[in-house]
There are 2 protein chains.
Amino acid sequence: MAARMTRQRTAVVETLDELADFRSAQQLHEALRARGESVGLATVYRALQALADASEVDVLRAEDGESLYRRCARSEHHHHLVCRFCGRTVEIDGPTVEAWASKVAAAQGFDDIEHTIELWGTCADCRAAAAK
Amino acid sequence: MAARMTRQRTAVVETLDELADFRSAQQLHEALRARGESVGLATVYRALQALADASEVDVLRAEDGESLYRRCARSEHHHHLVCRFCGRTVEIDGPTVEAWASKVAAAQGFDDIEHTIELWGTCADCRAAAAK
DNA sequence: ATGCGTGCAAACGATTTGCAGCCGG
DNA sequence: CCGGCTGCAAATCGTTTGCACGCAT
């Protein structure tokens, strides 16, 4: 069950921590290469999937369908406010929303409720950069 | 600007209305074939995209990344509670959630806020079918 | 007529997988 | 030593696009 600790796995986790914000597997792959710790793209995907299964990283889908990964501070359920340009992320939670979601769903006779609640926007920095 | 009315576009819209719930382009393509009104898959995609651009259909991403389309009753902003098995859909709106979303985002200095709020569950029928 | 719409097949881009060799425990 | 891990390339899969032809306006 415990994941074997290889050079590439370590590198993936470390780089993920460094980047801090949501990144795609490809961006991560490139960051690894730049960092000198080159790792095969397939391996990056496998590592990320393993981490996701172990709830060590959060995964979410960008508007274009690409998967983005991030090591979040809190492991409990929460949501995100993400900059669609630079990936800058703010963790948020909405107790109100949680309650609302399950109530609505239950009222319609639905089970195994799961909700997708993500906020996308343009962060202050990117707005400034774009304005220039 | 006005979309040209062809046999295939009419067929796509009609079939979409018939299906009522969220369907993938491929499911729709198959439904068209079954209906006798065969339409090229590429055309189905093009028609759906045009409809989406014109806000005639709602689009959302399934958990596996596939795009699902649906002709919604209301054209105003709203969200959905979708059965992950049969696609059965219930339109919902959460005035509370809307307000919460923009408030949180603005507080972090984010602009052009957009939110993804979808509820996924198993509808009563599918739960019964699975239990059998 | 005129040019948007269509079909088909090739092109795409992200992700997955088969397989032979490697290396961590 | 052994089985999980890796790399590479080939395979998937949904979706997009190039191109020659047809049809709605």
Side-chain angles (χ1 to χ4, degrees), chain A residues 1-16 19 22-54 56-70 82 84 87 116 118, chain B residues 1-16 19 21-54 56-70 82 84 87 118:
Chain A
M1 183 77 256
R4 189 186 285 183
M5 221 18 185
T6 63
R7 171 183 69 76
Q8 10 308 63
R9 239 106 135 149
T10 307
V12 166
V13 174
E14 287 180 357
T15 307
L16 216 37
L19 296 180
F22 275 100
R23 300 296 178 210
S24 68
Q26 322 245 359
Q27 287 179 309
L28 187 52
H29 177 245
E30 164 141 8
L32 282 161
R33 171 168 306 246
R35 208 173 182 269
E37 290 273 21
S38 190
V39 178
L41 180 55
T43 300
V44 172
Y45 274 108
R46 282 187 278 231
L48 287 173
Q49 194 150 59
L51 287 168
D53 288 347
E56 296 261 335
V57 297
D58 275 28
V59 190
L60 65 78
R61 298 265 183 180
E63 298 172 329
D64 70 354
E66 209 178 2
S67 291
L68 303 178
Y69 306 82
R70 175 176 194 255
V82 188
R84 60 167 70 82
T116 304
E118 303 297 342
Chain B
M1 184 75 258
R4 191 185 279 182
M5 220 20 183
T6 63
R7 180 197 111 245
Q8 14 302 68
R9 282 189 187 195
T10 306
V12 166
V13 173
E14 287 180 358
T15 307
L16 216 37
L19 297 181
D21 294 322
F22 275 99
R23 300 295 180 212
S24 69
Q26 321 242 0
Q27 288 180 308
L28 187 54
H29 176 244
E30 165 141 6
L32 282 162
R33 171 168 306 248
R35 206 172 182 269
E37 288 274 21
S38 191
V39 178
L41 180 55
T43 301
V44 172
Y45 274 108
R46 282 187 278 232
L48 287 173
Q49 196 150 57
L51 287 168
D53 289 348
E56 296 261 335
V57 297
D58 275 28
V59 190
L60 65 78
R61 297 266 182 179
E63 298 172 328
D64 70 353
E66 209 178 1
S67 291
L68 303 179
Y69 307 82
R70 175 175 194 256
V82 187
R84 62 167 66 81
E118 302 297 343

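A note on names: the letters A, B, ... follow the listed sequences, proteins ahead of strands, and every chain is numbered from 1.
Two residues are said to be in side-chain contact when any heavy atoms from C-beta on lie closer than 4.5 Å; B:L68 and B:V82 fail this criterion. Taking the side chain as every heavy atom from C-beta outward, B:L28 and B:V39 never approach each other to under 4.5 Å. Annotation: side chain of B:R35 is in contact with side chain of B:E14 (closest heavy-atom distance under 4.5 Å).
If you check every strand for non-hydrogen atoms under 4.0 Å, B:S67 touches sugar and phosphate atoms only. Residue-level contact check: B:R9 touches the backbone only, with heavy atoms under 4.0 Å from sugar-phosphate atoms and none from bases. The residue B:Q49 sits close only to the backbone: its heavy atoms come under 4.0 Å of sugar-phosphate atoms, none of a base.
Using modelled atom types, no side-chain atom of B:H29 and backbone atom of B:G40 make a donor-acceptor pair closer than 3.5 Å.
Across the protein-nucleic acid pair, B:R7 atom CZ and C:dG7 atom C1' stand 11 Å apart, rounded to whole Å. Between the P atom of C:dT15 and the CG atom of A:D64 lies a distance of 9 Å, rounded to the nearest Å. In this structure, B:R61 atom CZ and C:dA14 atom C1' are separated by 11 Å, rounded to whole Å. Distance, A:E66 CD to C:dT16 P: 12 Å, rounded to whole Å. At whole-Å resolution of the value, NE2 in B:H29 and P in D:dT16 are 15 Å apart. Between the P atom of C:dG13 and the OH atom of A:Y45 lies a distance of 13 Å, rounded to the nearest Å. The distance from atom CG of A:L68 to atom C1' of C:dG13 is 15 Å, rounded to the nearest whole Å. Atom CE of A:M5 and atom P of C:dC22 are 23 Å apart (whole Å).
Around atom CD of A:E30, no more than 12 heavy atoms belonging to other residues, nucleotides or ligands sit under 6.0 Å away.
Across D:dT16, D:dC19, D:dG22, the shortest atom-to-atom separation from the side chain of B:R46 is found for D:dC19. Checking C:dG5, C:dT16, D:dT25 against the side-chain heavy atoms of B:T6 singles out C:dG5 as nearest.
For C:dC23, neither phosphate oxygen OP1 nor OP2 lies less than 4.0 angstrom from any side-chain nitrogen or oxygen of A:Q8.
Nearest-nucleotide assignment on DNA chain D puts the 5′-proximal partner with A:R4, out of A:R4 and A:A42.
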